[in-house]
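This report refers to the structure that appears directly beneath it.
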Amino acid sequence: MMQKIKPLDHLILILGALFLIAPVVLAVMSSTHSAVWIHTNGIALLPGTDAYATYKKVLTARGGFTGDVTGARMILNSMIMGIGFAVGKIVLSMMAAYALVYFRFRLATLFFWMIFTTLLLPLEVRIMPSYQVMSELHLLNTYTGLIVPLLASATGTFYFRQFFKSVPDELLEAARIDGAGPVKFFFDILVPLSRTMMAAIFIIMFVYGWNQYLWPILMTTDEHFYTLMRGIKSILQVWVGSQIPDYNEAFALAVLAMIPPVFVVVVFQRMFIKGLTESDK
Amino acid sequence: MTHSPSSISRPLPVPPPLSARARLAKWWRGEATAPAKRVQFDRPLTPWVFLLPQLAVVVIFFYWPSVQAVTSSFYLEDPFGFSATFVGLDNYTDALSSGEYLSTATFTAGFALVVTALSLGLGLLLAVKADKVIRGASIYKTVLISVYAIAPPVAALIGMMLFDMHIGPFTQLAGLFGYDLKVGVNYWDTAFAMTLIAVWKQIPYNFIFFLSGLQSVPVSVREAALIDARTGWARFKDVILPLLAPTAFFLLIINITYALFDTFAIIDVIVKDKPANNPMTLVYKIYLDGFKGNDIGGSSAQSVILMVIVAALTVVQFRFLERRVHYG
Amino acid sequence: MFKSTTLAALALSFMAAPVLAQTDITWWHGMGGRNGEVINEISQKFNESQQACHLTPVSKGTYEEALASGIAAFRSGEQPNILQVFDAGAATIMAAKGATIAAEDLIKGQGERFDRKDFIDGVSHFYADSDGKFVGMPFNSSAPIMYFNTEAFEKAGVEPPKTWEEFETIAPKLKAAGYLPMTASQLTWMMVENFHSRNNQQFATNNNGYDAIKGTELTVNTPEQIMMFDKLKDWADKGWYGFYGAGWSDNLKPFEEGKVAMWIGSSGSFGGLQKSATAPFSAVFMPYWASLADHQMQSFIGGAALFAMAGKPDDQNKCTAQFFSFLTSPEIQVYWHENTGYVPVTTAAYELAKKQGYYEKNPVAEVGIKQLMLPGGEWTKGYRLGFYPQIRTIEEREFNKIFSGETTPKAAFETIETEGNALLARFAKTSS
């Protein structure tokens, strides 16, 4: 494909990238200053001299009451939240979207609306009753309890429904001629076809699970479930005026917290490109 | 798996007016809406197997707690659960008759509109450009997407520091133009800061999905378009945009939900946890009354009102806007 | 489902750790940063001080998040033994009789020593019932005091004011010396709640809400309260007072930068100020009106208290009682005081800190305690108002409007009283 690329395109992209990335750069720069410096001067544009000490402390310090809350522990928990949530979401929502798009069955409309009304109410609004439900199911202080309730939303299902609906009907007809049943059609044709979509939704959902804060605080009483996000919030949350929050450590943790999601992005970019070539067969 | 060709093909008929009973019957059979596909499987059991996991999660973790939230909206309840007084619709009338609530609702609508339009527009623009370029494409993509990964409390902290009333760079910049920017004191200054941060945080999301939508446009289609094309804009408008419509419809609904619901953390940080006379959204008010103020009945009633509004909005979008979306 | 075998093994090894048959108790709190660490250290000290009990502190986010977690847990029977609740949320938990065991009953019931007179006067009423019985255990307490930039006062050749009348005479001189005379953080705490306490004014009917929940109404639409804000507005117009919204740090920042001569903040703020202030500073009591009170009164405390949750077995309650006693011991109080900036809650702890020479090194640290030890009056015990966090929100909204000129103090306090009383009436209905 030979499209003309104008310098203007690059200019727009560079401006857009700058607008979006500038705060990230500021976070990185700020993480190299001391807490008091940040408190006095505000956000930093240029690097400071305290990077080594701050990052060393953040990575190695053992926090919490038990002394077991290390950077590694927090990363592991955040990973479990991110991957567990993203995988769970993709599996559940692809299956449900498949049923809703490719089948005719009783009360399909009812179930369609039952699932899609869940777009409307975030967990925060029903968080107290949700806690009671989890307690009755004995799921407090478990990874299952941390992840599964978050799956009760239709974002993924909606997204895959949109994609499945735009898959050409000829594919199904051809598959049927080849003698493929619904299960075979799903796994052999739709799943590979959805690669780009899965990559996109994986990135979004991974970050969503990775960034959870309020639900884990409510749900767990055991320090071994501590996540990076709780670490960051707890640093920033000091009694106003009595002490200066360790801004530098919060920024450093935030910079570290970006690494895995960015890694996910880089890995899934390859799938973006693959998705592009494969859907072209 | 044994194979039996069992799909049915149904052209879209022009429906004659139906009796309520006949409508109900159609609904029961699953024929109420236009089918998602011209060709569908017609198996009694298989769809259930696919649908059941999601349905179970939704019923247990969404409907069960939501029913409790609706019930609480008719009570005035001591938060620890010792006593509850049934007050009928009082919680609803209390909320709806307060001028404060109505002005919050007005702001919420405007805020949702602006945030949705800006973040969708900019996300689409960047995605189209990133899809087009080859040189440096992956760098742009990584940069644009990775912003999404920044931890929300820190993103908010950065926003707060940029708009600091005394030393924030934006405040100083405005000062150069002779404007005294006071985020947290002046209503519209705060609204501006909230909108900017909310848009900034949502652009990468839209970018990712628009890009994945664009990348799944087959190369053959693009080449055909290129041959036909008169100008880049015409090519975009006539070929690419219709193909993006399903994604755009998805993003429209998601962005409205984002602006309405997911922005309360941003608001909380910008107003430094003290809303005072600053603008806020309806969900922030629910959070304020319910979570911070422990007024369970009042906040539940506000949740229900919000749910009804958004449900209506969504139904309207699905029923009317989606007709204009052309799938495959 | 998501637990790997290694994780399960890990969990097992943690469960197997305590060898002795100890009684485990938990403490949910809403503190982070250094304060959260000090809580861990104090819990560690408690566990080392005896064998029978093992206390685990759990950080539950902010004050609000901790209270919400405690409420959700209580409704499901999963409550901790001890819950930290902040000042504005006190009415919520104290109205729910049956959710807590009064600290005083708990401690005495377990045969531990308890004497109300051990506590600093200003601390001992806020979390007590109308008979003076301690329901919550005062833990982290603070007082609003006035910090001043010593350089500014030398330059202007004036002394820090004791009363607002004195403030009015020195403010022009400070302004002439090139300073903004005053800013104040959290006007709700300073100029409403503590205005009533420092000047001995009634804040609400039913004995400031202590005697009953039903029928309690705010008494803020008074000539005195309106005068305070008329003055503030007037001072703001004259350039004597700077209003920077409801955010705490926005009002503090210009003082740190050395542009402001006086800032009203918390007694605990000096630790942060020592690092961030660019000019030397000291502190005095928050001013009062000589025209309203013939002598100044103590202030209401800010901060939070610990509540013993009901529904726990007796052996655990015994441990909770032991911990409460441990927490009020002078050594622990001084450790807490010196590490966090909160005031000690007992006289013995204050004496110990004094003996150790802490106030010679940090004279500012003593100002808050002394203000809390001032004589008390009829209206200085505290207030017990339901849905008070929402009422504060209304106050903050109206204050913004006053200083932007959208409303007058008179109209603002009419609105605050009307809307506040509607909330109080709602609250009364929740606890019939």
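Chain A is the first sequence line, chain B the second, and so forth, proteins listed ahead of strands; every chain is numbered from 1. Everything numeric in this text was worked out from a predicted model, so none of it was measured.
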Do A:His39 and C:Lys275 have side chains that approach each other closer than 4.5 Å (heavy atoms only, starting at C-beta)? no

Here the pair of heavy atoms bringing C:Lys60 nearest to A:Thr220 is NZ-O, 3.1 Å

Please identify, among C:Thr56, C:Asn140, C:Thr62, the residue contributing the most non-hydrogen atom pairs under 4.5 Å to chain A. C:Thr62

Kindly indicate whether the side chain of A:Tyr131, heavy atoms from C-beta on, has any atom under 4.5 Å from the side chain of C:Arg75. no

For a 4.5 angstrom cut-off between non-hydrogen side-chain atoms, does C:Trp28 reach A:Thr221? yes

Against chain A, work out which of C:Glu65, C:Glu257, C:Gln274 has the most heavy-atom pairs shorter than 4.5 Å and name it. C:Glu65

For C:Lys259, does the NZ atom have more than 12 heavy-atom neighbours from other residues, nucleotides or ligands under 6.0 Å away? no

Sort C:Ser185 into side chain, backbone, both or neither according to what part of it lies under 4.5 angstrom from a heavy atom of chain A. neither

Polar side chain donor-acceptor pair, A:Gln132 to C:Ser76, under 3.5 angstrom: no

Between C:Ser276, C:Ala72, C:Ser69, the one whose heavy-atom pairs under 4.5 Å with chain A are most numerous: C:Ala72

Looking only at non-hydrogen atoms, find the nearest pair between A:Tyr226 and C:Ser59 and report the distance. OH-OG, 4.1 Å

Check A:Thr40 against C:Lys253 and note the closest heavy-atom contact, atom names and distance. O-NZ, 3.3 Å

